[in-house]
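Following: one structure in structure tokens, then a few remarks.
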Amino acid sequence: MSDGNNQGGPNEPAVISSVRRRRMLKILGLSSTFGLAGCMGGGDNAGDSENSNSSTSGAPSVGGKYTTIATSGPQTLNPLYNTEAGAGDLISYTLDLGYTFKPKTKFFPQVYDMSSDDSQVWVVNVREGLKFSGDYGKLTAEDFVYQITQVHQSEWAGTADTSSWPSEYNVEQTGDYEFQIELPSPNELYPETYDPLLYPIPKGLMQPYVEKQNADGLRKDKELLELTFTGNMGAYTLDSRNRGNSLTFVRNDNYYLKNVDSVPERFSNAPYFETLNVSIVPEQSSRLAALETGETDSAAVPPNRVSRFRNLQQVDVIEIPQPYTEVCCYNMRDNGWNAGPGNLFRKKKFRQGLGCAVNKKRLAKGVFRNFANPVYTWQPSWSRWYPEDDSSIKQYGTGDLYGKQATRSRIKKAISDTDYGYSGDMLRTPSGEPVELSLYHIAGDDTDQAMAEFIAKEFEKNAGINVKPMEIQGTQFDEKYWQQQIPKNPEQYEWSNGATNAGPREVTSANSWDMEVVFGLNTYPLNPTTADVFFVKDSAYNPYGYYPSWDAKKLFDQASNATSVKELQSIMNKIFVKINEDQPFGMLVFPSDTIGYAAGIEGPQKNFFNGWDSQTWSRSD
């Protein structure tokens, strides 16, 4: 994540960038996955301006090309099945999601608007005048209701949005361009969960597969894979794709938002580039070279290179707050803690000790060059939901809660009922061997490597634990280490909720691992109730096997059912204190995205909502 999650394109709805509409897609920030710049949405303090940083008033002139970079090609461009953040960015060039958010968390309807009188029944009004390509005709409410009820809520389709549409959500059409969603209980921040975000897909395209319950056919449908049905609903259309090398998009002359009265004037002739080119460039050094020489218009700039690029006349580097926290995840499943018998990661006091081992301020300054802030609980300090009185949030890794004494005093209490112990300066197993743990990090990423090496030295110095940094490709770690092997007989387990929580701790991944800093995890500053997925034992997402020592499900349920902002804030304060006490992960720092743009690119903003109006970005003369 340290190389930037989303590095900007002119049509990138970066407000929700790396955590698009899907629950799984919203969770992870992977280092340098794609080179499309921006950020994911934000809290009320994330930036006040709704206007692009452009001196151009009204609509710019159309012309030229925008180029950007991805580090790997997408696995699929099928909007119903994609679970990659970067691929979601590519899809969004050709097909708008239902809505997005402007600065100050202002709802901005794109394909549809949402409203509710009681926070339980939400009325969705589909914008008129939207058309699919070919013979599919107009987009209406029927297309969305069919997609939800016959595909996402089905037992056979297994789409990426299935978890966002449980069967108890009652969805029905109430007009040609209106449908309603009835939730089991009120949710004042339902749009902010991103669960109701949908891509418009024609009923006629889905229907043949629905009638035959043919999930494989739907997944492999050529029109979905090649995005040929998108009509006037995206700023660009996919022109060509050279697998493993590049994708080219061309301007959509009929883009619907330029004909809408209620949007800013700069949308009046959007988009403003004739073509948009995305090149696949795996190596960071090559991406930076392309930015320096003008071969690309945007690329993430690692913290240790920001100063150099800010001295270049042809590049503007901006700092953008983002919602992902760098964490050191501990594997509490049965194939974690490979140092000896037992799994000390499962002990809260042990995790608290590890929390005292890493100097977070020094990490932020040394590795991230001060483009990061320490993390003490599951929310950035600029979020509207961060506790106003944070005196109950202990600052593990800072001041008196940092260092050898703070670390080892807690670890000694944690291991008092085991045969582990300190001998000399090292923590040793019952057989007397020094404890040695693995720590995986992203291959080819200088910042991730430096972070892993920093953590390893801190653990050795303060905890007496040898740590071996190990580099790995993100996709490989995800598939072979992070995801569990789904059991053939899932019914014999208390739960089995897919590859990222396929069962209790005895259900494991194909390969063992101890710790990782491969993924950053989302703290959801717009709606922190969504973070329940990280802390509820049997949620859809628990690859690390965390069992909370507090009733996480109960508190998150209370938060989801809160009927006022004041009530929600009170409950979230309790949750943030519990997360801080339990130390389920080594919560480290919130890095900012540092993104380099070619000088003359008009539109990027220095706030959390960078990219909400990316369809209007342009190049000055």
Side-chain angles (χ1 to χ4, degrees), residues 1-5 18 27-34 71-72 85-86 282-285 287-288 300-305 322 324-333 335-339 345 354-355 357-360 362-369 371-372 374-375 397 435-463 465-483 509-522 543-544 585-594:
M1 221 199 75
S2 46
D3 191 25
N5 300 308
S18 289
I27 284 171
L28 294 179
L30 173 63
S31 294
S32 316
T33 304
F34 264 72
T71 65
S72 61
E283 291 300 321
Q284 182 185 79
S285 58
R287 298 193 297 271
L288 294 174
V301 179
N304 63 345
R305 303 292 294 277
Q322 52 80 44
Y324 295 92
T325 172
E326 293 286 8
V327 290
C328 181
C329 278
Y330 315 126
N331 185 4
M332 294 172 242
R333 291 186 175 271
N335 67 342
W337 188 265
N338 294 286
F345 290 138
L354 296 183
V358 179
N359 189 318
K360 296 177 181 180
R362 196 177 299 159
L363 175 65
K365 182 178 180 179
V367 173
F368 292 93
R369 308 301 172 98
F371 295 111
V375 177
V435 169
E436 181 173 294
L437 303 173
S438 62
L439 173 61
Y440 284 89
H441 66 88
I442 285 286
D445 187 289
D446 294 343
T447 307
D448 265 26
Q449 181 177 343
M451 177 169 60
E453 291 173 351
F454 181 87
I455 293 169
K457 291 177 181 177
E458 291 283 83
F459 271 37
E460 181 179 358
K461 178 176 70 175
N462 294 318
I465 294 173
N466 290 322
V467 174
K468 185 178 181 181
M470 302 181 71
E471 67 176 19
I472 193 169
Q473 295 296 327
T475 302
Q476 180 185 1
F477 185 81
D478 184 31
E479 295 176 351
K480 302 297 183 182
Y481 295 77
W482 197 241
Q483 298 183 29
S509 56
N511 295 295
S512 63
W513 60 281
D514 296 318
M515 301 182 291
E516 65 86 25
V517 289
V518 173
F519 298 122
L521 297 179
N522 195 350
Y544 29 77
F585 325 100
M587 293 175 279
L588 302 171
V589 295
F590 274 112
S592 297
D593 282 339
T594 45

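Residue numbers run from 1 in the order of the sequence given.
Among residues two or more places apart in sequence or in another chain, the side-chain hydrogen bond (donor to acceptor under 3.5 Å, both in side chains) test is passed with Asn335 by Asn331, Ser509. Contacts of Glu453 classified as side-chain hydrogen bond (donor to acceptor under 3.5 Å, both in side chains), with partners at least two apart in sequence or in another chain: Gln449. Listed by chain and number, the residues in a salt bridge (charged side-chain N to carboxylate O under 4.0 Å, His left out) with Lys480 amount to none (sequence neighbours excluded). For Arg369, the side chain to side chain contact (heavy atoms under 4.5 Å, CB included) partners two or more places apart in sequence, or in a different chain, are Pro303, Asn304, Phe371. In this structure, the side chain to side chain contact (heavy atoms under 4.5 Å, CB included) partners of Ala452, at least two apart in sequence or on a different chain, are Leu439, His441, Pro469, Val517. Not a single ring pair (Phe, Tyr, Trp, His ring centres under 6.0 Å) links Phe454 to another residue, sequence neighbours left out. Here Ala450 pairs with Val367 under the side chain to side chain contact (heavy atoms under 4.5 Å, CB included) rule; sequence neighbours left out. For Gln483, the side-chain hydrogen bond (donor to acceptor under 3.5 Å, both in side chains) partners two or more places apart in sequence, or in a different chain, are Asp478. Remark: Lys365 pairs with Asn370 by the side chain to side chain contact (heavy atoms under 4.5 Å, CB included) rule, at least two apart or across chains. Looking at residues two or more places apart in sequence or on another chain, you find no salt bridge (charged side-chain N to carboxylate O under 4.0 Å, His left out) involving Glu516.
The six-membered or imidazole ring of Trp482 lies near that of Phe519, with a centre-to-centre distance under 6.0 Å. Remark: aromatic rings of Phe345 and Tyr544 are distant, center separation not under 6.0 Å.
In this structure, the separation between CG on Asn522 and CD on Gln322 is 8.5 Å, given to the nearest 0.5 Å. Note that the CE atom of Met470 and the OG atom of Ser438 stand 6.5 Å from one another [nearest 0.5 Å]. Annotation: the span from Ile472 atom CD1 to Asp448 atom CG amounts to 12.5 Å, rounded to 0.5 Å.
Of all heavy-atom pairs spanning Phe585 and Cys329, the tightest one is CD2-SG, 3.6 Å. Nearest approach of Pro374 to Lys360, heavy atoms of both residues: CB-CB, 3.9 Å. Contact detail for Val589 and Ala364: the closest heavy-atom pair is CG1-CB, 4.1 Å. Contact record, Pro591 with Tyr324: CD-O, 3.7 Å, taken as the closest heavy-atom pair. Here the closest non-hydrogen pair linking Pro302 and Thr447 is CB-OG1, 3.8 Å. Minimum interatomic distance between Ala339 and Glu436 (heavy atoms only, all atoms of both residues): CB-O, 3.8 Å.
Inter-residue side-chain proximity for Val435 and Trp337 is flagged as met; some heavy-atom pair is nearer than 4.5 Å.
Thr594 places a side-chain N or O within 3.5 Å of a backbone atom of Val301 that can act as its donor or acceptor partner. Distance alone, capped at 3.5 Å, is enough to place a donor-acceptor pair between the Asp514 side chain and the Asn338 backbone.
Screening Tyr440, Phe477, Tyr330 against Trp513 for a ring pair (Phe, Tyr, Trp, His ring centres under 6.0 Å) leaves a single residue, Phe477. Results of the side chain to side chain contact (heavy atoms under 4.5 Å, CB included) test with Leu588 over Val327, Thr325, Leu363, Val375 single out Leu363 as the only residue that passes.
The number of heavy atoms from other shown groups lying within 6.0 Å of CD (Glu283) does not exceed 12.
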Verdict with supporting geometry, Val518 and Tyr481, side-chain contact (heavy atoms from CB on, under 4.5 Å): CA-CA 11 Å; Val518 173; Tyr481 295 77; over 6 Å; no
Test side-chain contact (heavy atoms from CB on, under 4.5 Å) applied to Gln284 and Asp445, step by step: CA-CA 7 Å; Gln284 182 185 79; Asp445 187 289; 4.1 Å; yes
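The pair Glu458-Lys461 meets the salt-bridge criterion, with a side-chain N (NZ, NE, NH1 or NH2) lying under 4.0 Å from an Asp/Glu carboxylate O.
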